[in-house]
J.: 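Please find one structure pasted underneath; my questions will follow.
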There are 4 protein chains.
Amino acid sequence: MGKGRLEAFSDGVLAIIITIMVLELKVPHGTSLDALVPLIPVFLSYVLSFVYVGIYWNNHHHMLHATHSVSGPVLWANLHLLFWLSLFPFTTAWMGENSFAATPTAVYGIVLLMAAIAYWLLQQAIIASEGESSVLKTAVGTDWKGKASPLLYLLAIASTFWSPWLAQGIYVVVALMWLVPDRRIERVLVRREG
Amino acid sequence: MGKGRLEAFSDGVLAIIITIMVLELKVPHGTSLDALVPLIPVFLSYVLSFVYVGIYWNNHHHMLHATHSVSGPVLWANLHLLFWLSLFPFTTAWMGENSFAATPTAVYGIVLLMAAIAYWLLQQAIIASEGESSVLKTAVGTDWKGKASPLLYLLAIASTFWSPWLAQGIYVVVALMWLVPDRRIERVLVRREG
Amino acid sequence: MGKGRLEAFSDGVLAIIITIMVLELKVPHGTSLDALVPLIPVFLSYVLSFVYVGIYWNNHHHMLHATHSVSGPVLWANLHLLFWLSLFPFTTAWMGENSFAATPTAVYGIVLLMAAIAYWLLQQAIIASEGESSVLKTAVGTDWKGKASPLLYLLAIASTFWSPWLAQGIYVVVALMWLVPDRRIERVLVRREG
Amino acid sequence: MGKGRLEAFSDGVLAIIITIMVLELKVPHGTSLDALVPLIPVFLSYVLSFVYVGIYWNNHHHMLHATHSVSGPVLWANLHLLFWLSLFPFTTAWMGENSFAATPTAVYGIVLLMAAIAYWLLQQAIIASEGESSVLKTAVGTDWKGKASPLLYLLAIASTFWSPWLAQGIYVVVALMWLVPDRRIERVLVRREG
């Protein structure tokens with residue numbers, strides 16, 4: 001089974017998720033700059049989620065680049081990841097429209113956590129079908145980022161009881177941590193070809 | 001005629017159907033967890049339909065993998081399938097927003113039934129254009145799943161007069177029946193190559 | 001310039017147009033079958049437009065299959081066609097929500113007419129860039145369907161002053177006329193390869 | 001890293017942006033032609049943005065055609081461009097619904113300016129990864145259009161204090177300036193192959 005359609009379908013879903021999120025930026029009634037002020041938290045919430053979807057697209061791109069064929073469990077693990085990502089527009093809008101209130105911030109974190117777990121499951125499904133000596137297995141290595149992220153999301157979810165802003169800070173830190181491009185896969189690919 | 005564009009177009013429509021369904025999860029006004037409670041049936045309805053669209057995408061993927069070229073009737077049979085699938089967001093939302101009431105549950109089943117018939121027609125159109133000795137023909141075999149599903153949908157539609165929950169149970173059972181990946185096509189392909 | 005991205009972009013826009021049209025089927029408040037009755041004209045309007053978008057996708061598919069490379073004017077002629085097709089959801093909804101009233105029916109026809117002209121312009125742009133001896137030029141031949149359709153649309157638009165149902169009848173006839181798959185291109189391709 | 005998925009993802013996002021913009025053409029309640037009159041500014045605003053998205057798609061198409069491989073910074077520069085383009089539906093709707101009032105017109109220009117800067121950054125990222133002797137570097141040359149556009153946008157934003165219609169005029173002029181297809185890349189490609 002080729003991976004072309006899996007990539008195309010995932011690209012489609014991710015592209016639509018990004019653009020559906022922007023629909024929450026509802027057109028204001030006034031025509032002054034003041035009319036935009038209530039949209040600021042919605043906008044910031046959009047920016048955060050845009051970066052997260054960008055990171056997922058980017059890493060998904062790299063991960064499948066290191067994959068040769070696609071098995072049944074991989075197809076379903078991928079759909080499972082897309083399911084959690086499809087909830088981003090909902091949690092982004094709920095958090096943004098309520099100026100980063102505690103509960104919506106926690107629920108946002110829960111969906112981030114579930115997406116991280118789903119991504120990890122997809123990675124395991126690919127490694128299982130490609131074999132222990134696969135490019136992906138070698139590239140992932142200790143995978144400290146993949147292990148640290150869920151813990152940080154849990155910390156953020158817990159911190160909303162005390163301060164939702166601390167949770168936001170953690171979400172931003174995790175995003176920045178991943179924004180640094182994941183060169184592991186590229187490095188292993190180059191080494192093998194060399 | 002190549003099958004690339006047929007796959008791309010179908011992927012696009014399916015990706016949008018999935019993400020349009022999630023728009024029915026309307027952002028609640030409150031900021032407490034209680035505000036999410038009325039969304040539970042909408043969410044469950046979304047999960048069920050997400051799995052169904054996933055199954056269709058998965059089987060469509062496998063079916064076209066075993067197809068070599070695409071004729072006029074196949075193009076239209078595929079559009080016919082997409083038409084019924086495009087009604088999923090409507091029936092999913094109607095059923096979810098009314099907490100699985102009898103009539104919306106029956107209408108949900110009717111659209112499932114029509115999609116199943118459309119899928120079967122597409123399969124027949126492909127076999128007709130590929131020939132009796134085609135990979136797909138051999139792979140499909142007795143096709144008990146494809147024959148049992150419409151009967152089960154009919155049973156579910158009828159059961160809504162008595163208990164809509166029984167209908168939901170049947171919808172879940174049919175989904176689980178298909179979730180088991182359809183290895184028939186893979187098996188036939190492997191055998192031919194061997 | 002390759003035609004791959006032109007096809008992918010057009011597929012994306014057409015897939016979204018189809019699924020945006022279905023959003024006009026607004027979820028009713030009641031849970032009885034009666035609640036669906038007011039949706040019947042909206043549904044019929046959707047079916048008509050779905051078939052038209054399907055025809056455009058189908059013919060676009062065939063036309064680009066017979067095209068080798070894509071020039072600047074072709075890119076813009078294609079965007080021009082997509083522009084008119086992008087107005088389908090608007091005219092479909094306006095016509096459906098007003099039970100096929102005269103003016104919305106006429107405006108629906110105007111957009112059909114503009115799309116037909118845009119399609120013809122795209123065809124001319126491709127022939128101009130491929131040359132007079134191109135597959136497309138030979139395949140199109142006298143192009144009676146392409147010439148009859150705009151005239152029939154004009155007739156339908158005019159007839160709305162007298163009877164909007166006559167206009168609907170003409171729209172259905174033109175759709176049926178095109179539903180018969182356009183085998184001209186396939187035939188010429190087969191002949192050349194033979 | 002191949003460029004296929006970058007193109008596919010960008011096509012998906014651009015296709016959705018275009019079709020989301022058309023959703024702002026809200027179906028009127030009346031059934032007379034008069035009911036369409038209030039939609040005229042919304043429609044004109046849509047046409048302008050459609051042309052701009054078309055130009056971006058067109059130039060993006062050409063730019064990636066002249067690109068061989070895609071690095072991490074290029075992926076993120078591309079997402080950054082898509083971010084600003086994703087704000088087009090919002091600014092288009094705000095401007096159109098308020099009949100081209102001064103502030104919405106200025107904000108429309110700011111998003112155009114940011115998209116132009118993002119496009120330039122993407123171009124620089126590609127040149128940096130492809131090398132100084134790359135096709136793109138040679139093709140872009142002095143890039144007077146790329147340098148003039150941001151200045152014209154700035155002028156338009158400033159002019160909204162005096163006359164929003166002057167700003168609209170400038171937006172139209174810049175669009176026309178780019179509508180002339182960018183043959184630089186095609187010319188360099190042809191020369192190299194020759």
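Note that the coordinates shown come from a computational prediction; the quantities given were computed from them, not determined experimentally. Here is how names work: the chains are called A, B, and so on, in the same order as the sequence lines, proteins then strands, and each is numbered from 1.
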J.: Sub-4.5 Å heavy-atom contacts with chain B: which residues of residues 16-52 of chain C show up?
T.: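 Listed by number, the contacting residues are C:I16, C:I18, C:T19, C:V22, C:L23, C:L25, C:K26, C:V27, C:P28, C:H29, C:G30, C:T31, C:S32, C:L33, C:A35, C:L36, C:L39, C:F43, C:Y46, C:V47, C:F50, C:V51.
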J.: If you count heavy-atom pairs under 4.5 Å between each of C:D11, C:L14, C:V53 and chain B, which one has the most?
T.: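 With the most close heavy-atom pairs to chain B, the winner is C:D11.
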J.: Taking all heavy atoms of C:A15 and all of B:G12, pick out the closest pair and write down the distance.
T.: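 That would be CB-C, 3.9 Å.
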J.: Spell out the residues in residues 107-119 of chain C that have some non-hydrogen atom less than 4.5 Å away from a non-hydrogen atom of chain B, in order of number; otherwise answer 'none'.
T.: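 Within residues 107-119 of chain C, no residue comes under 4.5 Å of chain B, counting heavy atoms only.
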J.: Calculate, to the nearest 0.5 Å, the distance between atoms NE2 and CZ belonging to C:H61 and B:R5 respectively.
T.: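 These two atoms lie 6.0 Å from each other.
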J.: Checking B:A93 against chain C: side chain, backbone, both or neither under 4.5 Å from a heavy atom?
T.: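 Contact with chain C is through both the backbone and side chain of B:A93.
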J.: Taking atom CG of C:N58 and atom CH2 of B:W76, what is their separation to the nearest 0.5 Å?
T.: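 The CH2 atom of B:W76 is 5.5 Å from CG of C:N58, to the nearest 0.5 Å.
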